[in-house]
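Everything below concerns the one structure shown next.
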Amino acid sequence: MLRRLAAAEQVTCRISVIEDPDTPTIGVGEGTTSVFRQVLLDLGFDEFEFMRETGATIKYGIRHIGWSGAGSEYLGPIDDPHQIDPDPTGQNQPWLHYSAIASGQSVVEANVFTPLMRRARAPWVRKGHAWLPVSAYHHAYHFDQAKVGVYLRKKASGIAQVSAKVIGFDQNDGHITRLICNDHPDLDVDFVFDCTGFRRALIGQLDAGWRGYGTLLPLNRAMPFWVDHADGDIAPYTTARAMTSGWMWQIPTVDRMGCGYVYSDVHISADEALSEVEALLGQPIEPRADIAINAGRLDRPWVGNCVALGLSQSFLEPLEATSIHGTVVQLMMLGQGGFLPKLAGRLGGLDLLRRAYCDAVNTQIDDFAEFINLHYAGGRRDTPFWTEMTETGISGRNRDLVERLKHGLPQDRDFPDLPGQLPHLQRALYLPVLDGLGLMDKAPCKAILSQSHGLARRARALRQSNRKEFLKAAGQAVGHRAFLSDIAQGT
């Protein structure tokens, strides 16, 4: 993205990636949002090649199990039907979703990704040797991040790749001038991106500050592991399964299932967490680690000439694929701010951009944290952890929203935008969660549809028509496992 931005701005820059060869990778599956695919295609990548070489699978959304109690379940597809069928009254209301709720159905019945998730289908139909998309919406991916790293290194022509560990730096007037490396000559730099994860090798030694989310997101351990795929097709979605003291992710890649239990060690020990997982799965597992996590973000993700990205900048529970998404959007922010032209002027004019960037990133991550916290508002009280979350763990912002939804509908202020109309949390992502947790009421949905003559009838007819089309498309689409097998063979 930086090279493309430099070319567009006619700025000459040299980019080096410095990577410590001894840093281990956990590698138990990553989930993305549709923004990653949009960027991948925009940069000219061959999607099937990318999937083939990274072990990627299709992701349409998330299947949530048990978040409001035993036996509860809901889907969270990432497509938004209102992009194609907007509110005809011009009020920008999610009229199809409200129509579904008013009819006693789940909001996701209005989404094309829903039958594809339920039937485990790929988003393509095979016509001879051609692959035809079944919808206009961008899907997302699951993949093995270690394989993605190898693939991107191979594709990164014109970018210097340095194998070294940064152990320190020299600075002048608050700006890093030289990186001190182990087993490699020191490197002079004009600007640096700290992508060193929890180590925060650069930004951690600057005055970046820290805001913890301990009360908002209290899960503080993660136990990742692999399991083999079960028989049958490969699910084109992430599974987030509520556990006694947290939740477990299940992310399918081509070869196996990447899993992990994110838990609160105040409520369960590592041994107890392991036993709970093994009892649920009916098989022994081999944890790859038991990681201490500190949910939070930097106060200043850009200090001097150093920007922190990814885990160097923040960490949240990996419930909604916010890490990769946030990193991509943060690079978009820099592009919109004219970052490289200002940098070409030897850091001149960056002060205003730096402040605006920090404010926007902090808003982004705070909104992510609030959204994840909302997932715990389903009212579970069957274990000490869930009782505590229900009684005291939901944020004030989310409690206000839940209270208003008892007799009303979400408002635009509940879904703030980022500057520059960059991709962010929108009503289309919130509504499946709110509805899936049983927090949406029929009456206000019926009331808003009745304000415009014939709107309820029109919405109901369109949903029924779309449902037939969606089911037909899902019936024609290739099975997910068969699709992955075909592209692996290059056919």
Side-chain angles (χ1 to χ4, degrees), residues 1-19 29-60 78-79 83 122-124 131 133 135-162 191-195 253-254 307-313 321-344 357 360-361 364 418 420-424 483-484 487-488 490:
M1 290 179 68
L2 287 174
R3 287 188 61 216
R4 182 166 184 156
L5 178 61
E9 299 287 355
Q10 297 183 331
V11 172
T12 300
C13 67
R14 292 177 297 171
I15 301 173
S16 299
V17 175
I18 307 167
E19 189 170 15
E30 292 282 351
T32 70
T33 67
S34 60
V35 171
F36 184 89
R37 180 179 188 253
Q38 295 175 50
V39 170
L40 195 73
L41 298 181
D42 190 47
L43 293 175
F45 282 79
D46 181 313
E47 181 174 18
F48 287 4
E49 177 190 82
F50 169 80
M51 295 187 68
R52 181 166 53 248
E53 296 203 21
T54 63
T57 62
I58 300 297
K59 175 188 171 185
Y60 296 120
I78 59 176
D79 60 313
Q83 292 179 10
W124 284 280
W131 291 99
S135 83
Y137 296 102
H138 282 288
H139 50 265
Y141 307 109
H142 306 110
F143 50 61
D144 183 327
Q145 57 91 6
K147 291 182 179 180
V148 170
V150 171
Y151 176 75
L152 293 179
R153 280 195 293 274
K154 184 174 69 174
K155 304 293 284 188
S157 60
I159 296 176
Q161 299 179 44
V162 179
F191 201 91
V192 291
F193 292 92
D194 186 337
C195 305
T253 64
V254 167
V307 167
L309 294 174
L311 298 181
S312 295
Q313 186 269 325
T322 55
S323 183
I324 294 175
H325 173 92
T327 299
V328 171
V329 173
Q330 288 157 26
L331 289 171
M332 292 178 176
M333 289 181 193
L334 292 172
Q336 286 191 349
F339 161 66
L340 282 174
K342 293 181 175 67
L343 178 60
Y357 175 85
V361 170
Q364 177 196 54
L418 289 177
Q421 296 183 321
L422 290 164
H424 194 46
F483 163 74
L484 296 172
I487 65 170

State whether the side chain of T327 and the backbone N or O of S323 hold a donor-acceptor pair below 3.5 Å, judged by distance alone.
-> yes

K59 side chain to G31 main-chain N or O, any donor-acceptor pair under 3.5 Å?
-> no

How about F143 and Y151: are their ring centroids closer than 6.0 Å?
-> no

Straight-line distance of L2 CG to L331 CG, nearest 0.5 Å | 6.0 Å

Any side-chain heavy-atom pair of H325 and H424 under 4.5 Å = no

Out of curiosity, F50 CZ to L41 CG, how far, rounded to the nearest 0.5 Å?
-> 10.0 Å

Does the side chain of M333 come within less than 4.5 Å of L418's, by heavy atoms?
-> yes

Passes side chain to side chain contact (heavy atoms under 4.5 Å, CB included), H142 versus E30? Steps please.
-> CA-CA 5 Å; H142 306 110; E30 292 282 351; over 6 Å; no

Steps toward side chain to side chain contact (heavy atoms under 4.5 Å, CB included) verdict (L334, F193) = CA-CA 12 Å; L334 292 172; F193 292 92; 3.8 Å; yes

If we ignore angles and hydrogens, is there a donor and acceptor under 3.5 Å between the side chains of S34 and H138?
-> no

Looking only at heavy atoms, which two atoms of Y60 and P123 are closest? And how far apart?
-> OH-N, 2.9 Å

Determine the minimum heavy-atom distance between V254 and L484, stating which atoms define it.
-> CG2-CD1, 4.2 Å

Tell me, do E19 and V162 make a side-chain contact under 4.5 Å, heavy atoms counted?
-> no

Heavy-atom nearest pair, A321 first then T33, reads O-CG2, 3.7 Å

Separation between CZ (R52) and CG (D46), nearest 0.5 Å, reads 6.5 Å

Go through the steps for F339 and F191 under the test side chain to side chain contact (heavy atoms under 4.5 Å, CB included), then give the verdict.
-> CA-CA 11 Å; F339 161 66; F191 201 91; 3.6 Å; yes

Should V307 and D194 be marked as a side chain to side chain contact (heavy atoms under 4.5 Å, CB included) after you check the CA-CA gap, both sets of side-chain angles, and the distance that decides it?
-> CA-CA 6 Å; V307 167; D194 186 337; over 6 Å; no

Is the side chain of Q336 donor-acceptor paired with the backbone N or O of M332 at a distance under 3.5 Å, no angle test?
-> no

Measuring from I78:CD1 to R37:CZ, what's the distance to the nearest 0.5 Å?
-> 10.0 Å

Which atoms form the tightest heavy-atom contact between V329 and P423, and what is the distance?
-> CG2-O, 3.7 Å

What residues form a ring-ring contact (aromatic ring centres under 6.0 Å, His included) with Y137, not counting sequence neighbours?
-> none

Between OG1 on residue T54 and NZ on residue K147, distance to nearest 0.5 Å = 8.0 Å

V39 versus F45: any side-chain heavy-atom pair under 4.5 Å?
-> no

Find the distance between OG1 (T32) and CD (Q145) and round it off to the nearest 0.5 Å.
-> 13.5 Å

Side-chain H-bond candidate by donor/acceptor type, D144 with T253, under 3.5 Å | no

Qualifying residues under ring-ring contact (aromatic ring centres under 6.0 Å, His included), relative to H139, sequence neighbours excluded | W124, Y141

Answer yes or no: are there more than 12 heavy-atom neighbours, outside Q421 itself, under 6.0 Å from its atom CD?
-> no

